[in-house]
Enquirer: 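Take this structure, written in structure tokens, and hold onto it; I'll ask about it next.
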Amino acid sequence: MARRQWSSGGVAAAAVLGLLSVLCAGHPMPGGHGGRFPLQPHFYDHTCPQMQVIVGAIVAKAHAEDPRMAASLLRMHFHDCFVQGCDASVLLDADGSGRFVTEKRSNPNKDSLRGFEVIDEIKAAVEHACPHVVSCADIVAVAARDSVVLTGGPGWEVPLGRRDSLTASLSGSNNLIPAPNDSLPTIIGKFANQGLDVVDLVALSGGHTIGDSRCVSFRQRLYGQNNNGQVDRTLNPAYAAELRGRCPRSGGDQNLFALDPASQFRFDNQYYHNILAMNGLLSSDEILLTQGRETMELVHRFAANQGLFFEQFAKSMVKMGNISPLTGHAGEIRNNCRRVNH
């Protein structure tokens with residue numbers, strides 16, 4: 001797979017020039033007469049050639065203002081693609097019509113998914129440059145890639161041409177996104193439902209090398225499933241004692257903890273070293289080592305070879321980004337990512 005390294009400084013610098021001249025010809029959207037069309041990296045080369053420069057500049061600005069934002073934008077892409085495919089359904093607010101309930105209220109997203117205002121800013125700038133051309137779904141995909149690069153991770157060409165959904169699925173968000181307390185077979189099944197295999201699962205889990213998790217997401221590892229005070233035997237006791245200091249038996253649900261305290265804002269393979277040391281924060285992290293031979297072997301391989309992890313992560317991100325996209329004349333190009341056009 002062709003790989004392209006992106007310099008955050010270069011992206012930001014080029015964006016300054018790009019944003020000064022954001023005129024764009026309003027050519028018809030490629031993609032034929034509806035149905036499924038393959039995504040491809042050069043989709044906007046003629047209709048909005050400066051799109052990726054604009055996205056890169058605003059993501060870089062947001063990252064400079066808030067180092068947590070990179071992980072948030074990466075997570076947004078993941079939570080979008082696992083529900084109805086990569087169609088920007090996760091961005092929709094409730095529309096008041098009763099047609100759907102926003103995914104922002106789901107258990108995986110409520111009080112934790114963030115970065116919507118960054119997508120809003122990108123969308124406004126792209127609409128100014130190239131009105132009614134670039135989908136919110138493609139913006140989310142490119143912003144996720146740029147977030148990885150800005151934190152030191154691999155770059156990749158993002159296949160483009162997605163269109164935006166007309167609806168959202170609260171039940172899909174609650175049931176299809178892997179949960180921190182799911183068993184390994186359950187998580188493998190949820191990935192398999194999206195066409196992703198065990199290699200994709202272990203590689204994409206490595207996205208937890210950046211970002212945070214809330215106390216409520218791992219409390220049961222500190223105090224037992226039945227709150228009986230028993231620490232999860234697969235969690236390093238010293239690490240558990242440290243976590244208990246800010247994650248009490250009750251209260252403090254929203255207290256944040258780095259998923260990778262050793263290099264919280266740097267995209268690297270430290271996540272796998274943490275798992276090997278029984279310092280995986282979430283149960284869904286540590287079970288990659290303790291509940292499956294194939295996942296265990298992959299954890300060891302990615303811990304031993306960061307280049308291998310980076311290569312596979314990029315491949316798996318492209319694969320994830322190709323989950324059931326709307327293309328051609330399906331869906332629409334939203335004018336505002338938070339609501340459908342009509």
Side-chain angles (χ1 to χ4, degrees), residues 66-72 74-76 78-79 82-83 90 103-115 170-191 201-202 204-265 270-292 295-296 299:
D66 177 5
R68 292 180 55 216
M69 189 54 67
S72 297
L74 176 60
R75 183 170 183 251
M76 181 185 292
F78 182 92
H79 283 213
F82 265 63
V83 183
V90 74
E103 292 170 20
K104 296 176 182 179
R105 290 178 53 186
S106 72
N107 293 328
N109 296 336
K110 185 179 180 182
D111 299 325
S112 66
L113 200 65
R114 58 198 294 272
L170 176 66
S171 62
S173 187
N174 276 325
N175 296 316
L176 299 176
I177 297 172
N181 301 324
D182 280 344
S183 68
L184 184 58
T186 297
I187 295 174
I188 290 173
K190 288 182 176 180
F191 271 74
L201 161 60
V202 180
L204 292 173
S205 296
H208 285 176
T209 185
I210 55 176
D212 302 277
S213 183
R214 297 174 297 157
C215 169
V216 69
S217 297
F218 60 85
R219 175 182 283 121
Q220 86 291 342
R221 301 192 73 203
L222 304 179
Y223 303 101
Q225 292 288 355
N226 299 313
N227 204 23
N228 59 11
Q230 298 299 311
V231 175
D232 185 337
R233 61 180 179 82
T234 67
L235 182 62
N236 184 325
Y239 187 35
E242 178 185 338
L243 295 172
R244 281 186 170 198
R246 290 197 304 113
C247 184
R249 190 187 293 260
S250 63
D253 286 4
Q254 305 304 317
N255 291 351
L256 292 175
F257 295 77
L259 285 160
D260 172 16
S263 54
Q264 181 178 3
F265 301 114
Q270 181 62 40
Y271 165 81
Y272 300 102
H273 291 281
N274 295 342
I275 292 175
L276 292 175
M278 297 176 64
N279 287 334
L281 182 63
L282 303 179
S283 173
S284 56
D285 295 326
E286 199 63 47
I287 61 176
L288 298 179
L289 180 70
T290 61
Q291 290 191 8
T295 56
M296 177 189 68
V299 168

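Computed from a predicted structure; not experimentally measured. In what follows, residues are counted from 1 in the order of the sequence shown.
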Enquirer: List the atom of N181, the atom of S217, and the distance in Å for their closest heavy-atom pair.
Expert: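 Closest approach of N181 to S217, heavy atoms only: OD1-O, 3.8 Å.
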
Enquirer: Can you find a pair of side-chain heavy atoms, one from Y272 and one from L289, that are under 4.5 Å apart?
Expert: no

Enquirer: Does R114 have any salt bridge (Lys or Arg N to Asp or Glu O under 4.0 Å) partners at least two apart in sequence or in another chain, and if so, which?
Expert: D66

Enquirer: If the condition is side chain to side chain contact (heavy atoms under 4.5 Å, CB included), which residues does H79 pass it with, not counting sequence neighbours?
Expert: R75, P108, N109, L113, I177

Enquirer: Rounded to the nearest 0.5 Å, what separates atom CG in L74 from atom CG in L204?
Expert: 8.5 Å

Enquirer: Would you mind listing every salt bridge (charged side-chain N to carboxylate O under 4.0 Å, His left out) that reaches into residues 210-228, with sequence neighbours excluded?
Expert: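 Matches after skipping sequence neighbours: R68-D212, R219-D253, R221-D232.
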
Enquirer: What is the distance from atom CD1 of I275 to atom CG of L288, rounded to the nearest 0.5 Å?
Expert: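 So the gap between those two atoms works out to 5.0 Å.
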
Enquirer: Pairs in or reaching into residues 237-249: which pass salt bridge (charged side-chain N to carboxylate O under 4.0 Å, His left out), with residues at least two apart or in two chains?
Expert: none

Enquirer: Counting C-beta onward and ignoring hydrogens, is there a side-chain heavy-atom pair between I188 and L201 closer than 4.5 Å?
Expert: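 Yes. Closest side-chain heavy atoms under 4.5 Å.
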
Enquirer: Identify, with sequence neighbours excluded, every residue that meets side chain to side chain contact (heavy atoms under 4.5 Å, CB included) alongside S171.
Expert: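 Partners of S171 under the side chain to side chain contact (heavy atoms under 4.5 Å, CB included) test: S169, N175.
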
Enquirer: Could you tell me whether a side-chain N or O of Y223 sits under 3.5 Å from a main-chain N or O of S250, the two making a donor and an acceptor?
Expert: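 Between the backbone of S250 and the side chain of Y223 there is no qualifying donor-acceptor contact (under 3.5 Å).
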
Enquirer: Testing the basics here: between L259 and H208, what is the closest heavy-atom pair and its distance to 0.1 Å?
Expert: CB-O, 3.2 Å

Enquirer: Looking only at heavy atoms, which two atoms of S183 and I287 are closest? And how far apart?
Expert: C-CD1, 3.9 Å

Enquirer: What are the two closest heavy atoms between A240 and V231, and how far apart are they?
Expert: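 Of all heavy-atom pairs spanning A240 and V231, the closest is CB-CG1, 3.6 Å.
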
Enquirer: Closest heavy-atom contact between A179 and S284?
Expert: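 That would be O-CB, 4.0 Å.
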
Enquirer: Can you tell me how far the NZ atom of K110 sits from the OG atom of S112, to the nearest 0.5 Å?
Expert: 11.0 Å

Enquirer: Roughly how far, to the nearest 0.5 Å, is CG of D285 from CG of L235?
Expert: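 One finds 11.0 Å between CG of L235 and CG of D285.
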
Enquirer: Between CD1 of I210 and CD of Q264, what distance do you get to the nearest 0.5 Å?
Expert: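 These two atoms lie 10.0 Å from each other.
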
Enquirer: Taking N279's backbone N and O only, do any of them form a donor-acceptor pair with N236's side chain (distance below 3.5 Å, no angle check)?
Expert: no

Enquirer: How far apart are the closest heavy atoms of N274 and P261, and which atoms are they?
Expert: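 Nearest pair, atom of N274 first, then P261: ND2-CD, 4.5 Å.
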
Enquirer: Using side chain to side chain contact (heavy atoms under 4.5 Å, CB included) as the criterion, list what pairs up with P237, not counting sequence neighbours.
Expert: none

Enquirer: Which distance, rounded to the nearest 0.5 Å, do you find between the OG of S213 and the CG of N255?
Expert: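 Going from OG on S213 over to CG on N255, the span is 11.5 Å.
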
Enquirer: In terms of relative ring orientation, are F257 and F218 parallel, tilted or perpendicular, with 30° and 60° separating the classes?
Expert: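 Taking F218 first and then F257, their aromatic rings stand perpendicular (interplane angle over 60°).
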
Enquirer: Has T209 got a side-chain atom pairing as donor or acceptor with G206's backbone, closer than 3.5 angstrom?
Expert: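 It does not hold such a pair.
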
